[in-house]
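One structure below.
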Amino acid sequence: MSKVHSIQSPLLDIQNLTKYFPVKVPFGSIRGQNRQVKAVNDVSFQLYEGETLGIVGESGCGKSTTGRTILRLLEPTSGKVIYKNRNIFEAGSKEIRTIRQDLQMVFQDPYSSLNPRKRIGHLLEEPLIIHGLGDSKERTESVLDILEKVGLKAEHYYRYPHEFSGGQRQRIGLARALIVNPKVVICDEPVSALDVSIQSQIINLLRNFQESLKLTYLFISHDISVVRYLSNRIGVMYLGNLVEEAPTDTLFKSPLHPYTKALLSSVPLPNPKIKKERIILSGELPSPINPPTGCVFHTRCPYVMDICKKQVPIRRNIEDGHFVSCHLQN
Ligand SMILES: Nc1ncnc2c1ncn2[C@@H]1O[C@H](COP(=O)(O)OP(=O)(O)OP(=O)(O)O)[C@@H](O)[C@H]1O
Ligand SMILES: [Mg+2]
């Protein structure tokens, strides 16, 4: 797949994406002053048609901010996102609406994004109205069609969001994204809030839709096992930085970044008789308000060298499609 990528042009090209949030700090000599949470820092990657790119990393590393900024649900600090030869960050509001029909998002908790006072039929029709798709009769037909496709029933049309289970609500979240016939779906922890048995139902639904609707996914999760199951390629984030990116098999067979190695060492093996070393990282996760200089991982890296404290490592292409930002690979 990675060989194909080198000749195929990306569907979405994320270049040097950076998102800082202004925050006020309530302590110390800088109390009350404006500082910045460096949530996403100079992140670049490409999304190719028909693939699933997984993004993993621990809580707070900037996964959701990356997803939301790509769709401009958050305004970027800097960088570019190229879609159909156009930088999304330069598009006006009308153009953004057209682009958003192609690029949809599914959230972890669909309940918070579903208006509790509106019936499901209306909530599913809403995206069609926003994008000016179909007349009233056609829209109702589309709603009934998508309800069936996501495994719900026509009788659910008049129900309210609170009358559904968590799994059903995620099906509604998925239906709302898919009803406008998108090309790319950014899934932000779509199964993390669900029971394991329900998780697999939603994951299978996502897989089936990917095939039947020719979708491309950016699949965000802290659960590396789920990401492994779904993704063709995986990107690993640490403290707002993308530290490694590789085809799924390559990443699991030969991870290069010490953070990736630690992350993978925590995944249980299918055969519990095979023992593997678990790498426990020392130290606390630094604050994204004041991230370490040089390589952001240097304060916790078992192989830290002098250069790591001073210089930001550059992103290197080790072999086809395997990128890593680490001084050990220089
Ligand atoms: N609106 C905001 N204002 C200020 N800081 C924010 C805001 N949203 C996110 N952050 C901060 O940005 C950093 C990245 O957050 P983000 O939600 O992207 O992480 P995440 O990887 O999705 O975490 P999780 O796995 O818990 O969902 C965190 O330090 C978070 O506190
Ligand atoms: Mg998140």
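Ligands are counted one by one from 1 in listed order, and the atoms in each one are counted from 1 as well. In this chain, numbering begins with 1 at the start of the sequence shown.
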Q: Drop me the distance from Ser9's OG to Ile82's CD1, to the nearest 0.5 angstrom.
A: 12.0 Å

Q | Element-labelled atoms of ligand 1 that are located less than 4.0 Å from some non-hydrogen atom of Thr65 | A | 14 (C), 15 (O), 16 (P), 18 (O)

Q) Under 30°, 30 to 60°, or over 60°: which ring-plane class applies to His257 and Tyr259, parallel, tilted or perpendicular? A) perpendicular

Q | Residues in ring-ring contact (aromatic ring centres under 6.0 Å, His included) contact with Phe164, at least two apart in sequence or another chain | A | His156

Q | N or O contact, Ser64 vs ligand 1, cut-off under 3.5 Å | A | yes

**Q.** Nitrogen or oxygen atoms of Gly62 and ligand 1 under 3.5 Å apart
**A.** yes

(Q) If I apply the N/O under 3.5 Å rule, does Val23 come out as touching ligand 1? (A) no

**Q.** Value rounded to 0.5 Å, distance of CD in Glu51 from OG1 in Thr248
**A.** 9.0 Å

Q | Proximal atoms of ligand 1 relative to Ala39 (non-hydrogen, under 4.0 Å) | A | 12 (O), 13 (C), 14 (C)

Q: Measure the distance from atom 14 (C) of ligand 1 to every protein heavy atom, then report the residue, atom name and distance (to 0.1 Å) of the closest one.
A: Gly60 O, 3.4 Å

Q | Distance filter under 4.0 Å to Pro288 heavy atoms, resulting ligand 1 atoms | A | 29 (O)

Q. Mind checking whether Cys61 has an N or O less than 3.5 Å away from an N or O of ligand 1?
A. yes

Q. Which heavy atom in Ile179 sits nearest to a heavy atom in Arg176, and how many Å separate them?
A. CG2-O, 3.6 Å

Q. Under 4.0 Å from atom 1 (N) of ligand 1, do we find at least one protein heavy atom?
A. yes

Q.
Listing request: all side chain to side chain donor-acceptor pair (under 3.5 Å) pairs with a residue in residues 280-305, at least two apart in sequence or in separate chains.
A. Tyr238-Arg300

Q. Should Glu189 be listed as contacting ligand 1, given a heavy-atom distance under 4.0 Å as the test?
A. yes

Q. Of the protein's non-hydrogen atoms, which lies at the shortest distance from atom 9 (C) of ligand 1, and what is that distance?
A. Phe21 CE1, 3.5 Å

(Q) If we count only non-hydrogen protein atoms and require a distance under 4.0 Å, does atom 7 (C) of ligand 1 qualify as touching the protein? (A) yes

Q. With Leu205, which of Arg171, Gln170, Lys149 fulfils side chain to side chain contact (heavy atoms under 4.5 Å, CB included)?
A. Arg171

Ignoring hydrogens and angles, write down the donor-acceptor pairs under 3.5 Å from the side chains of residues 70-81, residues two or more places apart or on other chains.
residue, atom, partner, partner atom, Å
Arg72, NE, Glu75, OE2, 3.1
Arg72, NH1, Ile88, O, 2.8
Arg72, NH1, Phe89, O, 3.3
Arg72, NH1, Ala91, O, 2.9
Thr77, OG1, Tyr20, N, 2.8

Q | Count, waters excluded, of protein N, O or S atoms under 2.8 Å from the Mg ion (ligand 2) | A | 1

Q) In the protein, what heavy atom is nearest to atom 26 (O) of ligand 1, and what distance, to one decimal place, separates them? A) Ser59 OG, 2.5 Å

Q. What is the distance from atom NZ of Lys137 to atom OG1 of Thr140, rounded to the nearest 0.5 Å?
A. 9.0 Å

Q. Hey, does the side chain of Glu163 reach the backbone of Tyr160 with a donor-acceptor pair shorter than 3.5 angstrom?
A. yes

Q: With heavy atoms only and a cut-off of under 4.0 Å, state how Lys63 meets ligand 1: side chain, backbone, both or neither.
A: both

Q | Neighbour count >12 (heavy atoms, 6.0 Å) for atom CG, Asn85 | A | no

(Q) Heavy-atom pairs closer than 4.0 Å: do any link ligand 1 to the side chain of Val37, the backbone, both, or neither? (A) side chain

**Q.** Geometric cation-pi criterion, Arg207 with Tyr229: 6.0 Å, 45°
**A.** yes

**Q.** Donor-acceptor side-chain pairing of Gln108 and Asp188 below 3.5 angstrom
**A.** no

